[in-house]
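Below is one structure, written out as structure tokens; the observations come after it.
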2 protein chains.
Amino acid sequence: MIIDDNDKGLGFLIAETARLHRKLLDRRLQPFGLTRAQWAVLAVLVRRDGRTQSEIAEELEIEKPTAGRLLDHLEQLAWIERRPTPADRRVWRVHIPTAARPRIAAVADVVRDTRHVMVQGLSADQQHLLVRQLGAIKTNMVAALGEAAGDPG
Amino acid sequence: MIIDDNDKGLGFLIAETARLHRKLLDRRLQPFGLTRAQWAVLAVLVRRDGRTQSEIAEELEIEKPTAGRLLDHLEQLAWIERRPTPADRRVWRVHIPTAARPRIAAVADVVRDTRHVMVQGLSADQQHLLVRQLGAIKTNMVAALGEAAGDPG
DNA sequence: AGATAATAATGAGCTAGCTAACAATAAACA
DNA sequence: TGTTTATTGTTAGCTAGCTCATTATTATCT
């Protein structure tokens with residue numbers, strides 16, 4: 001047993017770290033009326049505009065109803081707009097209106113700064129290693145989740 | 001910039017990993033009628049019985065209302081019981097009833113196995129390093145959260 | 001063409017985080 | 001002793017995850 005039973009376990013440590021990250025970023029984004037989860041959606045759209053809601057959900061690895069509700073909030077505050085798709089009347093394509101772009105740039109600055117604060121004291125190599133190892137753990141869990149459907153024997 | 005802007009950022013990677021861990025463990029604990037968060041409370045009590053609710057919240061790094069509600073659920077299903085404290089009528093001390101101990105042992109087995117699955121392919125050294133680095137990141141974020149009260153200049 | 005299956009998005013309802021505000025009690029102190 | 005302050009726990013209300021079920025539409029296949 002590598003992590004002995006007295007320890008809470010790596011998964012719980014990761015969960016605590018994620019909670020702190022949410023707490024910190026939610027607080028720093030509050031002046032903009034945004035939450036961390038809402039920013040994650042915007043960040044996806046900044047990379048490429050006009051995605052469908054399903055694409056956004058898939059990229060963020062969240063479920064479609066979760067993404068839908070985040071978009072509801074973002075739409076109400078005019079951070080995004082949903083445009084219908086003539087070719088397929090089921091899908092909405094999500095766009096960032098021009099008026100929101102300067103605001104988004106300001107938010108991005110805060111997020112960048114927070115990222116910087118978070119990894120203080122870690123070398124570039126350490127950060128890359130961390131990313132790789134978390135990726136490996138994610139892969140293991142995705143596999144374990146996939147096996148649930150079939151016969152594990 | 002170590003993690004370039006095209007990347008979602010380490011914080012979001014940690015959040016995704018935490019979400020997967022919750023999803024996996026919630027699914028595996030479902031046969032017991034437990035969630036990951038509820039198990040975390042039980043794990044604290046297994047280490048030492050008879051804590052107060054505030055002590056539990058502090059150890060898990062969650063807020064007191066969150067802990068209180070988790071205990072509500074656990075109490076309803078007889079995983080724990082709250083006993084009054086004669087010396088201080090404000091506090092409840094939380095205990096694991098004898099009848100629940102065998103069930104808890106069975107759950108612990110599942111949690112242990114899941115932990116094992118999660119870190120497959122990572123050496124002991126890598127795991128220890130990971131724990132240290134996540135600890136460093138947590139420390140950075142706790143510091144940043146603390147500074148919010150005072151003047152950052 | 002018409003029945004069936006797949007897909008996009010929503011709605012409802014649950015758990016678990018958080019904050020803010022409150023009640024009851026205990027501790028500190030003038 | 002009596003008033004103020006601090007602490008324990010709860011209530012209320014918000015966001016964000018999830019699952020399950022439903023609607024509207026498109027794709028598939030006889």
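Residue numbering restarts at 1 for every chain, and letters A, B, ... go by the order of the sequence lines.
- Considering only side-chain N and O atoms, A/Ser54 lies under 4.0 angstrom from the phosphate OP1 or OP2 of C/dA9.
- Regarding B/His21, its NE2 atom lies at a distance of 17 Å from the P atom of D/dG17, rounded to whole Å.
- For C/dA24, neither phosphate oxygen OP1 nor OP2 lies less than 4.0 angstrom from any side-chain nitrogen or oxygen of B/Arg89.
- With rounding to whole Å, A/Trp92 atom CH2 is found 8 Å from C/dT10 atom P.
- The interatomic distance linking B/Arg82 (CZ) with D/dG9 (P) rounds to 9 Å, in whole Å.
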Test salt bridge (charged side-chain N to carboxylate O under 4.0 Å, His left out) applied to A/Glu63 and B/Lys23, step by step = CA-CA 12 Å; A/Glu63 301 303 316; B/Lys23 206 168 173 177; 3.1 Å; yes

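- In this structure, the CD atom of B/Gln53 is 9 Å from the C1' atom of D/dT10, given to the nearest Å.
- Counting any heavy atom pair closer than 4.0 Å across all strands shown, A/Arg93 reaches no nucleic acid atom.
- In this structure, A/Glu58 atom CD and C/dT7 atom P are separated by 12 Å, rounded to whole Å.
- The side-chain contact (heavy atoms from CB on, under 4.5 Å) test applied to A/Leu77 returns A/Trp79, not counting sequence neighbours.
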ask   = Reading nucleotides 13-21 of chain C 5' to 3', which nucleotides get B (base under 4.0 Å from a protein heavy atom), which S (sugar-phosphate only), which -?
value = --SBBBBB-

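- In terms of modelled atom types and a separation under 3.5 Å, the side chain of A/Gln120 and the main chain of B/Asn140 share no donor-acceptor contact.
- Take A/Pro97 and apply the side-chain contact (heavy atoms from CB on, under 4.5 Å) test, not counting sequence neighbours, and it matches A/Glu81, A/Ala100.
- As rounded to whole Å, 16 Å separates atom C1' of D/dT11 from atom CG of B/Leu71.
- Looking at residues two or more places apart in sequence or on another chain, you find a side-chain contact (heavy atoms from CB on, under 4.5 Å) between B/Ser54 and B/Thr52, B/Lys64.
- Rounded to an integer number of Å, the gap from B/Glu75 CD to D/dT10 C1' is 13 Å.
- Residues meeting the side-chain hydrogen bond (donor to acceptor under 3.5 Å, both in side chains) test with A/Glu58, sequence neighbours left out: none.
- With sequence neighbours left out, B/Asp109 forms a salt bridge (Lys or Arg N to Asp or Glu O under 4.0 Å) with B/Arg112.
- Note: CG (B/Leu20) to C1' (D/dC18) measures 13 Å, nearest angstrom.
- One N or O donor and one acceptor, one from the side chain of A/Arg90 and one from the base of D/dT25, sit under 3.5 Å apart.
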